[in-house]
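Counting convention: from 1, in listed order, for ligands and their atoms alike.
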Amino acid sequence: MNILGIIGYPIEHTLSPLMHNIAIKHLGLDYIYLPFEVKKENIAIAVGGLKGLGIKGINVTIPHKESVIPYLDALDDNAKFIGAVNTIKLEDDKLKGYNTDGLGFLKSLKIDAQENAKGKNIIILGAGGAARAIAVQMALEDAKSIIIANRTVERGKELAKYISSKLKAQSSKLLSAISLKDSLLVEYLREADIIINATSIGMKETDTPLFLYDYISDRHLVCDIVYKPIETKLLKEASARGARILNGLGMLIYQGSLSFKIWTGHEMPVEIVKKVLMEEVTKT
Ligand code: NAP
């Protein structure tokens with residue numbers, strides 16, 4: 001029996017064990033996927049333990065995506081570029097880190113929303129780990145412009161500067177960061193093709209909107225990477241204003257399916273997984 005899993009803190013709400021174990025069962029593979037609650041101060045011994053115990057693969061979630069890096073033997077190009085890891089594979093006694101978050105979002109954008117980033121004006125709300133992976137991916141896909149709007153403007157600026165420095169060859173790309181409160185946000189919203197909420201706002205009914213929904217129109221594709229609730233207030237309001245919408249379940253599934261392929265070499269049965277996860281997130 002091969003062991004896969006996820007490390008994070010807290011970890012009790014993760015849907016990853018459900019997702020991967022359905023895929024494992026459907027394909028009849030000799031694997032099991034388990035959640036491991038790992039506190040910040042235990043990250044070094046937890047990652048060391050993967051080798052010691054022969055755990056074949058692990059997902060990494062909040063708050064460890066960056067702090068695991070010093071304990072790995074190698075990183076793939078995406079993880080190197082993003083500066084964060086969401087997937088680790090043990091192979092030939094070496095731990096290699098990957099990042100499938102941005103690619104997972106991109107796949108969902110292409111498959112679920114039939115949309116491309118190339119040549120598009122994109123606004124990303126947020127500058128945390130998920131926003132970082134998505135922003136890097138959108139830049140690599142040759143978006144026309146990327147505006148990062150974050151509550152803490154310094155964090156957004158640091159992210160914009162980081163991506164610009166990595167993309168020296170494409171310096172014409174318009175990449176900048178503003179505060180969510182900046183009046184320029186309205187101008188950018190007017191010009192935007194794709195608006196992506198990559199903050200945690202929207203998970204709770206009582207969450208205050210990040211901007212005035214009246215700036216959304218039928219020219220927009222509005223994406224929310226929050227998947228519980230499956231249709232956030234932002235998506236409901238966007239839909240009511242004629243915009244196309246994309247929920248966060250696709251990103252969750254595609255980042256998972258990319259990790260699954262890295263570990264097992266098999267394609268995840270995405271449609272089966274989607275059906276079960278949809279039931280789970282819409283449960284009251
Ligand atoms: P993170 O690194 O902790 O970043 C959180 C982001 O949300 C930051 O930009 C933060 O702004 C912003 N934020 C938090 N509270 C806010 C508030 N009250 N008002 C305005 N902005 C606020 O978290 P993350 O890993 O990027 O995850 C963000 C969300 O994406 C979570 O809900 C997570 O579940 C979801 N997610 C979904 C998927 C998927 O597959 N669908 C994958 C990864 C993450 P500051 O910088 O100002 O603090």
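At a heavy-atom cutoff of 4.0 Å, ligand 1 is contacted by no atom of D207, backbone or side chain. Proximity of L252 to ligand 1, defined as any heavy-atom pair under 4.0 Å, is shared by backbone and side chain alike. Under 4.0 angstrom from ligand 1, the non-hydrogen atoms of M251 come from both its backbone and its side chain. With a 4.0 Å cut-off on non-hydrogen atoms, A127 touches ligand 1 through its backbone and not its side chain. Heavy atoms of Y227 found under 4.0 angstrom from ligand 1 belong exclusively to the side chain.
Near A198, meaning under 4.0 Å from one of its heavy atoms, ligand 1 places the atoms 28 (C). Ligand-side atoms of ligand 1 in range of G126: 9 (O), range being under 4.0 angstrom from any heavy atom. Below 4.0 Å from some heavy atom of I62 lie the following atoms of ligand 1, by number and element: 23 (O), 25 (O). For ligand 1, the atoms lying closer than 4.0 Å to a non-hydrogen atom of M203 are 32 (O). Interface atoms of ligand 1 facing R155, defined by a heavy-atom separation under 4.0 Å, are 2 (O), 8 (C), 45 (P), 46 (O), 48 (O).
Taking the ring centre of Y162 as origin, the terminal cationic atom of R132 falls inside the region bounded by 6.0 Å and 45° from the ring axis.
Among all non-hydrogen protein atoms, the one lying nearest atom 14 (C) of ligand 1 is S200 OG, 3.5 Å. Of all protein heavy atoms, the one lying nearest to atom 29 (C) of ligand 1 is T199 O, 3.5 Å. Here the protein heavy atom with the shortest distance to atom 13 (N) of ligand 1 is R151 NH2, 4.0 Å. Of the protein's non-hydrogen atoms, N150 OD1, 2.7 Å is the one closest to atom 9 (O) of ligand 1. Remark: minimum distance from atom 4 (O) of ligand 1 to any protein heavy atom is reached at G128 CA, 3.4 Å.
Between the side chain of N86 and the main chain of N59, no donor-acceptor pair closer than 3.5 Å is present.
At under 3.5 Å, not a single nitrogen or oxygen of L180, backbone or side chain, sits near a nitrogen or oxygen of ligand 1. Residue T152 has at least one N or O atom closer than 3.5 Å to an N or O atom of ligand 1. Where the criterion is an N or O separation shorter than 3.5 Å, residue side chain and backbone included, L210 fails it with respect to ligand 1.
With a 6.0 Å radius and a threshold of 12 heavy atoms from other residues, nucleotides or ligands, Y215 has its OH atom at or below the threshold.
Of the charged side-chain nitrogens involved, none lies within less than 4.0 Å of a carboxylate oxygen, so that E154 and K157 do not count as a salt-bridged pair. Ionic pairing of K96 and E91 is not present here: no N-O contact between side-chain nitrogen and carboxylate oxygen is shorter than 4.0 angstrom. By the 4.0 Å N-to-carboxylate-O rule, D93 lies too far from K51 to be salt-bridged with it.
A side-chain donor-acceptor contact under 3.5 Å links T199 and N197.
Checking E115, Q114, H220 one by one against R244, the side chain to side chain donor-acceptor pair (under 3.5 Å) holds for a single residue, E115.
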